[in-house]
Amino acid sequence: MAILDILTYPDPRLYKVASPVDDVNGDIRRLVRDMAETMYDAPGIGLAATQVDVHKQVIVMDLSEDKSELRVFINPRILNSCGTQDYEEGCLSVPGVYDTVTRAEKVTVEALDEHGKPFTLEAEGLLAVCIQHEIDHLLGKVFVEYLSSLKQSRIKNKLKKRQRERV
Ligand code: GNR
Ligand code: NI
């Protein structure tokens with residue numbers, strides 16, 4: 001197992017579009033395990049492979065309090081969505097920034113699990129928010145892109161300044 005480095009916005013690698021996984025093999029299962037360890041260590045409730053600079057359609061998520069409900073989504077597709085909800089989002093790639101995003105209230109998602117087995121899940125509330133947030137990462141999109149351009153440039157400047165100070 002390994003804890004992977006998480007890319008920080010506005011790293012250009014966060015804008016890459018992930019490719020579908022064509023074979024859910026041992027390498028993918030190792031990636032899933034490392035991503036889960038990285039997510040729990042951060043700690044966060046979700047992580048997309050894009051955030052660890054692997055541009056494959058792999059997501060891990062766990063909304064439980066005790067790390068007991070790991071969910072894996074490989075090649076996820078939203079089949080249906082309805083309604084809207086506002087949620088104050090954060091992102092491990094945008095540390096210290098929280099802001100409200102409007103997304104669908106309910107989504108039906110189809111994906112493969114870590115054994116390559118297809119499943120369909122109907123999600124609402126925070127689970128639906130998290131699925132949409134992670135699928136956006138696979139499409140090269142970070143949640144701050146839903147905010148005003150003024151807020152986006154302030155966030156970019158803040159994070160760039162912080163990175164300069166850390167080196
Ligand atoms: O840990 C996370 N918390 C969170 C809170 C509200 C909405 C979305 C998220 S996902 C985030 C982890 C992350 O950055 N995943 O990409
Ligand atoms: Ni994120």
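We count ligands from 1, going down the list as the structure has it; atoms in each ligand are counted the same way.
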List the closest protein heavy-atom neighbour of [atom]: residue, atom name, distance to the nearest 0.1 Å.
| atom | answer |
| --- | --- |
| atom 14 (O) of ligand 1 | Leu92 N, 2.8 Å |
| atom 12 (C) of ligand 1 | Gly46 O, 3.2 Å |
| atom 1 (O) of ligand 1 | Ile45 N, 3.0 Å |

Quiz item: Is any N or O atom of Tyr87, backbone or side chain, closer than 3.5 Å to an N or O atom of ligand 1?
Solution: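 In fact, backbone or side chain, Tyr87 has no N or O that close.
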Quiz item: Are any of the N/O atoms in Gln51 less than 3.5 Å from those in ligand 1?
Solution: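 N/O-N/O distance under 3.5 Å: yes.
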Side chains of [X] and [Y]: closer than 4.5 Å at any heavy-atom pair?
| X | Y | answer |
| --- | --- | --- |
| Lys158 | Val97 | yes |
| Lys67 | Pro43 | no |
| Arg103 | His133 | yes |

Numbering as shown, the atoms of ligand 1 that approach [X] to under 4.0 Å (heavy-atom distance):
| X | value |
| --- | --- |
| His137 | 16 (O) |
| Glu134 | 10 (S), 13 (C), 15 (N), 16 (O) |
| Gly44 | 1 (O) |
| Glu89 | 6 (C), 7 (C) |
| Cys91 | 14 (O) |

Quiz item: In His133, what N, O or S atom is nearest to the Ni ion (ligand 2), if we give its atom name?
Solution: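 In His133, the N, O or S atom with the shortest distance to the Ni ion (ligand 2) is NE2.
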Quiz item: Any idea which of Gly90, Ala48, Cys130 brings a heavy atom closest to atom 9 (C) of ligand 1?
Solution: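 Considering heavy atoms of Gly90, Ala48, Cys130, the nearest to atom 9 (C) of ligand 1 sits in Gly90.
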Quiz item: Atom OH in Tyr9, atom NZ in Lys160: separation rounded to 0.5 Å?
Solution: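 Between Tyr9 OH and Lys160 NZ, I get 8.5 Å after rounding to 0.5 Å.
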Practice problem: Scan Arg29, Glu114, Arg33 and name whichever one has a side-chain contact (heavy atoms from CB on, under 4.5 Å) with Val72. | Solution: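 Considering Arg29, Glu114, Arg33, a side-chain contact (heavy atoms from CB on, under 4.5 Å) with Val72 is found only for Glu114.
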Quiz item: Ile45 and side-chain contact (heavy atoms from CB on, under 4.5 Å): which partner among Leu92, Val60, Leu126?
Solution: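 In the set Leu92, Val60, Leu126, the residue that makes a side-chain contact (heavy atoms from CB on, under 4.5 Å) with Ile45 is Leu126.
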Quiz item: Do you know which two heavy atoms are closest between Thr38 and Val52, and how far apart they sit?
Solution: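 Looking at all heavy atoms of both residues, the closest pair is CG2-CG1, 4.5 Å.
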Quiz item: Think Lys151 forms a cation-pi with Tyr146, using NZ or CZ under 6.0 Å from the six-ring centre and within 45 degrees of its axis?
Solution: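 Ring-cation test returns no.
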